[in-house]
Amino acid sequence: MEATTCLDSEEAAARRLTPGPAVTAAVTAAVGALVALAFWGSSDAHGVTTVLVLDIVTGVAGCALIPVLLRRPVLGGVALSVLAALSPVATPPATVGAWYVARWRRFPVAAAVAGAGIAAHAVQGLWRPAGGLSYGWWLLLVVAAYAALVGWGALAQARHGLIVSLRERAHRAEAEQGRRVAEARLLERAQIAREMHDVLAHRLSLLATYAGALEYRPDSSPEQLSRAAGVVRAGVHQALDELRGVISLLRDEDTDTEGGSGERPQPALTDLPRLVDESRDAGMSVRVDNRIADPAALSGTVGRAAYRVVQEGLTNARKHAPGEPIRVALDGRPGARLVIDIRNPVPGDPAAPPVVRGSGVGLVGLTERVQLAGGRLDHEVTAAGEFRLHAWLPWPA
């Protein structure tokens, strides 16, 4: 089956590389000129009319078989070898046929056609010996000539195969480069979406809470309305600043390295008190059980992922369970794990729409972030009627 497939591919390659009419005519004319020279060189030894006619017929037949050789190399090469057994005038087209077969066919096939040509010339040398040269030396020269032709054709075939292989590699490399660019763009878009959600969802949910208070309590005192409007204005400015920071950090190659880089520092677990205070100012009841003695000891990647876990837990609770108390527990030590557990009661009607609508992919992006940091994130509704967000992250010693 493999040999058949290889042969089929060779036939297809030969059909694709078949010369056009102009090239066929040029090759036939060149071989015809060589045949004429061979006929003129052997004219002194004709003497017999039958031999002269045989040479003429053989030469014409050899030229006529050149188009067949260009389209069906093996068939044409064998036919030209048979003609070479009848007359030396057919030697030029026979040798051209041997070279052409070696150029476009596998080496065993080329060797077989060359063997047929050597056998044909051996027969030719027996009944029409070359003058001034013994039969043994003449046969040795024929073998050497055919060996050179096969080697030349095989070398040309190998060079052609190398060029084709290099072209295919270049095309594959170009396609691979295009695929990598597309994957890089998709990865960048996913990273932008994850960063946008992590950074802005918390801030915008706080703004929605304050705006809701302004909407549903229009009877508040001017001082309270002014204070709430000021909080909203300050929150909008903070959201814009964080948006600019996210975009600048996404373009920085060292964003995920130790400590981060960019125009503004990346959040870490040491920023947790500020995050909790913002939620409490928005009216949320947050109880924190932080058993980590030195939050600054966490690496930038792990500390940032831990911060995002707590931020997403507070944001989800504010969206889906407004007014419910939230419990945040953190525990861990270097050389072990950092464990984060966030719980809040499930509202009375779980099917009710959230107070603030979200994208619905926050936990998906957070899970991916935690996994990239080497940890794991789970979320479930417990038997006690609480929504539980549980994560652990590695804490290198």
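Only heavy atoms go into these numbers, but all of them, side chains included; no hydrogens, no water, no symmetry mates. Along the sequence shown, residues carry numbers from 1.
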Using residues 73-87 as the side-chain source, report each donor-acceptor pair under 3.5 Å to any protein atom, sequence neighbours left out, with the distance given to one decimal.
{"from": "S81", "atom 1": "OG", "to": "G77", "atom 2": "O", "distance (Å)": "2.9"}
{"from": "S87", "atom 1": "OG", "to": "D55", "atom 2": "OD1", "distance (Å)": "2.4"}
{"from": "S87", "atom 1": "OG", "to": "V89", "atom 2": "N", "distance (Å)": "3.1"}

Residues 387-397 side chain polar contacts: donor-acceptor under 3.5 Å, at least two apart:
{"from": "R388", "atom 1": "NE", "to": "D341", "atom 2": "OD1", "distance (Å)": "2.8"}
{"from": "R388", "atom 1": "NH1", "to": "E380", "atom 2": "OE2", "distance (Å)": "3.4"}
{"from": "R388", "atom 1": "NH2", "to": "D341", "atom 2": "OD1", "distance (Å)": "3.3"}
{"from": "R388", "atom 1": "NH2", "to": "H390", "atom 2": "ND1", "distance (Å)": "3.1"}
{"from": "H390", "atom 1": "ND1", "to": "D341", "atom 2": "OD1", "distance (Å)": "3.2"}

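Under the salt bridge (Lys or Arg N to Asp or Glu O under 4.0 Å) criterion, R180 pairs with E176, not counting sequence neighbours. T91 is linked by a side-chain hydrogen bond (donor to acceptor under 3.5 Å, both in side chains) to H121, counting only residues two or more places apart in sequence or in another chain. In this structure D378 satisfies the salt bridge (Lys or Arg N to Asp or Glu O under 4.0 Å) test together with R376, sequence neighbours excluded. Taking the side-chain contact (heavy atoms from CB on, under 4.5 Å) definition, one finds that T270 meets it with A268, P295, A296, sequence neighbours left out. Every residue two or more places apart in sequence or in another chain that forms a side-chain hydrogen bond (donor to acceptor under 3.5 Å, both in side chains) with E386 is listed here: R327. Among residues two or more places apart in sequence or in another chain, the salt bridge (Lys or Arg N to Asp or Glu O under 4.0 Å) test is passed with D289 by R291. Annotation: side-chain contact (heavy atoms from CB on, under 4.5 Å) contacts of I163 (sequence neighbours excluded): R159, R167.
With a 4.5 Å cut-off on side-chain heavy atoms, S285 and I326 do not count as touching. You'll find the side chain of V288 stays beyond 4.5 Å of the side chain of V310, heavy atoms only. Residues Q157 and H160 are not in side-chain contact: their nearest non-hydrogen atoms beyond the backbone lie 4.5 Å or more apart. Inter-residue side-chain proximity for L377 and L366 is flagged as met; some heavy-atom pair is nearer than 4.5 Å. Annotation: side chain of Y307 is not in contact with side chain of E312 (no heavy-atom distance under 4.5 Å). Side-chain contact check for P88 versus R128: some heavy-atom pair is nearer than 4.5 Å.
Residue V164 shares its hydrophobic cluster (ILVMFWY side chains chained together at separations under 4.5 Å) with no other residue.
Of all non-hydrogen atoms in R318 and M284, the two that sit nearest each other are NH1-SD, 2.9 Å. Residue A90 comes nearest to T58 through the heavy atom pair CB-CG2, 3.4 Å, listed as atom of the first residue, atom of the second, then distance.
Residue pairs satisfying the ring pair (Phe, Tyr, Trp, His ring centres under 6.0 Å) criterion with at least one member in residues 270-304, sequence neighbours excluded, are absent. Pairs engaging residues 50-99 under the ring pair (Phe, Tyr, Trp, His ring centres under 6.0 Å) rule: W99-W152 [sequence neighbours left out].
Residue R274 forms a side chain to side chain contact (heavy atoms under 4.5 Å, CB included) with just one option from D271, V276, L272, and that option is D271.
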